[in-house]
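Throughout, protein chains are lettered first and strands after them, A, B, ... in sequence-line order, and every chain is numbered starting at 1.
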Amino acid sequence: MEKPTLPKGTRDFGPLVMARRQYLFNTIGQVFHKFGFLPLQTPAMENLSTLTGKYGEEGDQLLFKILNSGDYLKDVDLSKLEARNSRLVASEIAEKGLRYDLTVPFARYVVMNRHEIALPFKRYQIQPVWRADRPQKGRYREFYQCDADVVGTDSLICEAEIVLMIKEVFQKLRLNDFTLKINHRSVLDGLAEIVNAGGKEADLYVAIDKLDKIGEEKVREGLIQKGFESKSLDALFEILNTKGSNEQKLNLLSNKFQQSEVGKKGVSDLKETLGYLKFLNANEQHVEVDIPLARGLSYYTGCIFEVKVNNVQMGSVSGGGRYDNLTQAFGSKEKLSGVGISFGIDRIYDCLDELNLFPKETATSSKVLVCHFDEASLQYGLNTLSQLRSAGIASEIYPDLAKFKKQVEYADKKKIPFVIIIGPEEVASGQLSLKNLESGEQSKQTIQQIIQALTP
RNA sequence: GUGAAUGUAGCUCAGUUGGUUAGAGCACCAGAUUGUGGUUCUGGGGGUCGUGGGUUCGAACCCCAUCUUUCACCCCA
């Protein structure tokens, strides 16, 4: 008999972990709801045609594909099989795949249900996604995303509200040391004009995104290798290395972008977004304009966000941005702009765990265990149990006739704070023994008194 | 996809230059204690040393392959 194992990069979530994960899901879901977002769920699997081509070449390779049912090799072109090129064969034997993120299925949903959706449409979605990546710290093959997106409006109020939601979620989780980085694709495009990127924008963005991680020297090296001129890079790094307040950075950018229409647009969008924060009675605490911030997903076109928890060795815990043409990829004639945010709950979990920030209460189970000594008191206990539950008290009974010691040990292990002890004495008098396992206190009370004592 | 490390009891780990029957702590079970848990004491169960092959008189230890987990790169939450 082989020992069972889990597929690489997947995990079970036991009761303790689940209690904590629920706490995260609930916290995030409540914030989304408060900002007017309503829940949506979509299938774990999508047609492969829905998924491919949306995440760039790299993303396509990370898609989990699902083998067709039945004799899936039967009709495959023999020449393709003989070529032994799995890519050629893949499209013929797999027409479904596991979702890679929640944004693309959302866009698909919007296009399919356009007739009954009131714009702007705000939805949130908390579901697992799958990536055929190689697992490492903070990276799993199955993980949950908590997304909130709004489509059908260009208003930058949405961007400002995303900033507010991020701030509120982390505040509620008592994760106070974080940085919400914000940038704009048009700012990056402006930079590309300055260095004459001409077609190599993607290389440029990927390279400068790593600035704070590997330093200016390495980034320069990388860019020169990609064919950028060393001279043009000086102007670039002068901008990228700007320190100071958000206002100072944005002013410098407007200065540098006097010749760049697209650059100006990026700066004004960022200014407007930050301006809305004031009207919403919020401030720029934790918010940092981060000029090198690029983010990988190729579909972003406007503001982009990323959240980093400070003093923890962990990639970004949240990210998002505005996309202009996602629904166009599904044949929508109308141009629907959208903006969204995604919280990576598995990473947030790891951060909270590392920083010891989970509230203690997330561990509790039943409030009380009914213990007994013989057949008669067990039977009596069942009636007691039913009364406790009618009163809304989470309770359980030890289901076997067992030594009292064993029953209390069970309560102890499950961190059940109270036991009710029922023996012949209690059955006769109706005065049950209630014991507080934490303090050791014990007293005789009627069931009504106990219910009153245990009702919060 | 590229590169590296790791794997011994349920968990954390010892295990000498290759040499008798592979150990400890914690956890688990039982008893001390037949109506009182957490503490203590006593005893007990539990290992194909990741898997498969090879070298050797002899392998947990050396070699090869494979899988797992972890870390870095690429990319990403």
### Query
Using a cut-off of less than 4.0 Å, is there contact between a side-chain N or O of A:Lys414 and OP1 or OP2 of B:G37?
no
### Query
Do A:Phe143 and the base of B:A77 stack face to face, with centres under 5.5 Å apart and an angle between planes under 30°?
yes
### Query
Are A:Tyr300 and A:Asn183 close enough that a side-chain donor and a side-chain acceptor fall under 3.5 Å?
no
### Task
Could you please spell out the steps behind the side-chain contact (heavy atoms from CB on, under 4.5 Å) verdict for A:Val309 and A:Ile348?
CA-CA 9 Å; A:Val309 175; A:Ile348 293 174; over 6 Å; no
#### Entry: Polar pair under 3.5 Å, donor/acceptor by atom type, side chain A:Lys405, base B:U36
no
### Task
Return the value, rounded to whole Å, for the distance between atom CD1 of A:Ile126 and atom P of B:A77.
17 Å
### Task
Could you check how far CG of A:Asn436 sits from P of B:U36, rounded to whole Å?
18 Å
### Query
Which nucleotide in the set B:G35, B:G37, B:A77 lies at the smallest distance from any side-chain heavy atom of A:Leu437?
B:G37
#### Entry: Integer-rounded Å distance: B:C76 P and A:Leu102 CG
17 Å
### Message
I'd like to know if A:Glu438 reaches the base of B:G38 with its side chain, counting only an N/O donor and acceptor under 3.5 Å.
### Response
no
### Query
Counting side-chain heavy atoms from C-beta on, which of B:C71, B:C74, B:G37 comes nearest to A:Glu58?
B:C74
### Message
Please determine whether any donor N or O and acceptor N or O are separated by less than 3.5 Å between the side chain of A:Gln407 and the base of B:U36.
### Response
no
### Task
Give the rounded distance in Å between these two atoms: NZ of A:Lys218 and P of B:A72.
16 Å
### Query
What are the two closest heavy atoms between A:Leu369 and A:Tyr398, and how far apart are they?
CD1-N, 3.7 Å
## Note on the structure
Rounded to whole Å, CD of A:Glu409 lies from C1' of B:G35 at a distance of 15 Å
### Task
Classify the side chain of A:Arg347 and the base of B:C76 as holding, or not holding, a donor-acceptor pair under 3.5 Å.
yes
### Query
In terms of side-chain heavy atoms of A:Asp133, which of B:C73, B:G37, B:C75 is nearest?
B:C75
Listed pairs under 3.5 Å, donor-acceptor, residues 59-66 of chain A side chains, sequence neighbours left out:
from: A:Asp60; atom 1: OD1; to: A:Gly53; atom 2: N; distance (Å): 3.0
from: A:Asp60; atom 1: OD2; to: A:Gly53; atom 2: N; distance (Å): 3.3

### Task
Go through the side-chain N and O atoms of A:Arg123 and A:Gln125 and say whether any donor and acceptor fall under 3.5 Å apart.
yes
#### Entry: Heavy-atom donor-acceptor pair, A:Arg134 side-chain to B:U2 base, under 3.5 Å
yes
